[in-house]
Amino acid sequence: MTGKRADTLLEMMRSIEHFTLARAWEELTDDEFFWEPFTVTWSIRRQGQCRTANPFGAGEWVADFEIPEPAPVPMTTIAWLYWHIGSMPGRLCDIDFLGGTRTMASGWTSPT
């Protein structure tokens with residue numbers, strides 16, 4: 001899908017970010033954003049500081065993640081939740097609507 005539909009989806013994603021995610025982030029300090037409530041907590045970390053065997057992401061910052069997920073799945077930081085919620089629409093649009101070639105398991109995080 002290209003053209004008008006793709007532009008509409010991208011504009012909707014920008015609105016979602018502006019009216020939800022950006023407002024939620026606005027007042028948070030780094031201490032709150034990365035606070036780990038338990039000793040085993042998934043978060044967003046620099047590649048070399050990741051605590052899981054197969055983190056999600058391809059850049060300097062990655063998300064703690066395991067395949068298969070452990071039982072029980074660890075608690076997550078606000079940073080991890082923000083990444084998860086914020087990156088999902090862009091990844092799904094690229095894969096399902098825009099004909100992207102990446103898979104959900106590739107570690108690719110949407111620039112949107």
Side-chain angles (χ1 to χ4, degrees):
M1 175 171 45
T2 59
K4 187 175 178 180
R5 287 186 189 170
D7 290 340
T8 300
L9 283 171
L10 290 174
E11 190 56 40
M12 287 173 57
M13 289 170 17
R14 285 186 195 98
S15 295
I16 289 169
E17 178 184 3
H18 175 74
F19 290 108
T20 58
L21 301 174
R23 286 182 16 201
W25 181 317
E26 201 169 274
E27 301 287 326
L28 289 175
T29 66
D30 282 352
D31 287 342
E32 293 167 326
F33 199 60
F34 293 106
W35 177 65
E36 297 188 27
F38 296 98
T39 55
V40 179
T41 302
W42 283 359
S43 188
I44 304 299
R45 306 175 197 285
R46 293 192 190 280
Q47 188 77 251
Q49 298 170 340
C50 187
R51 297 182 185 168
T52 56
N54 47 356
F56 196 95
E60 178 183 355
W61 291 87
V62 295
D64 289 325
F65 196 72
E66 288 288 340
I67 299 174
E69 290 181 336
V73 175
M75 292 292 293
T76 59
T77 63
I78 294 171
W80 192 96
L81 291 170
Y82 192 92
W83 158 80
H84 185 68
I85 293 167
S87 69
M88 192 59 69
R91 288 189 282 145
L92 291 176
C93 278
D94 183 71
I95 292 167
D96 293 337
F97 299 119
L98 303 177
T101 58
R102 299 173 181 100
T103 65
M104 289 299 286
S106 71
W108 173 74
T109 299
S110 168
T112 308

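Excluded from the calculations below are hydrogen atoms, water molecules and symmetry mates; all remaining heavy atoms, backbone and side chain alike, are included.
E66 places a side-chain N or O within 3.5 Å of a backbone atom of A53 that can act as its donor or acceptor partner. A donor-acceptor pair under 3.5 Å links the side-chain atoms of Q47 to the main chain of G59, judged by distance alone.
Under a 4.5 Å side-chain heavy-atom cut-off, the cluster of Ile, Leu, Val, Met, Phe, Trp and Tyr residues that includes F38 is completed by M75. Annotation for W35: hydrophobic cluster partners, listed by chain and number, are none (ILVMFWY side-chain heavy atoms under 4.5 Å, direct or chained).
With a 4.5 Å cut-off on side-chain heavy atoms, F56 and W83 count as touching.
Here the CG-CD1 distance, from N54 to I67, works out to 5.0 Å after rounding to the nearest 0.5 Å.
Hydrophobic clustering places I44 together with W42 (ILVMFWY residues linked when any side-chain heavy atoms are closer than 4.5 Å, directly or through intermediates). Following chains of ILVMFWY side-chain contacts shorter than 4.5 Å, one cannot reach V62 starting from V73, and the two form parts of different hydrophobic clusters.
The minimum heavy-atom distance linking Q49 with R45 is given by the pair O-CD, 3.2 Å.
For P72, the side chain to side chain contact (heavy atoms under 4.5 Å, CB included) criterion is met by no residue, not counting sequence neighbours. Taking L28 as the reference, E32, F33, I78 meet the side chain to side chain contact (heavy atoms under 4.5 Å, CB included) condition, with sequence neighbours excluded. When the side chain to side chain contact (heavy atoms under 4.5 Å, CB included) test is applied to T39, no partner is found at least two apart in sequence or on another chain. E69 pairs by the salt bridge (Lys or Arg N to Asp or Glu O under 4.0 Å) definition with nothing, not counting sequence neighbours. Residues satisfying the side chain to side chain contact (heavy atoms under 4.5 Å, CB included) criterion with T77, sequence neighbours excluded, are E36, T41, S43, A79, W80.
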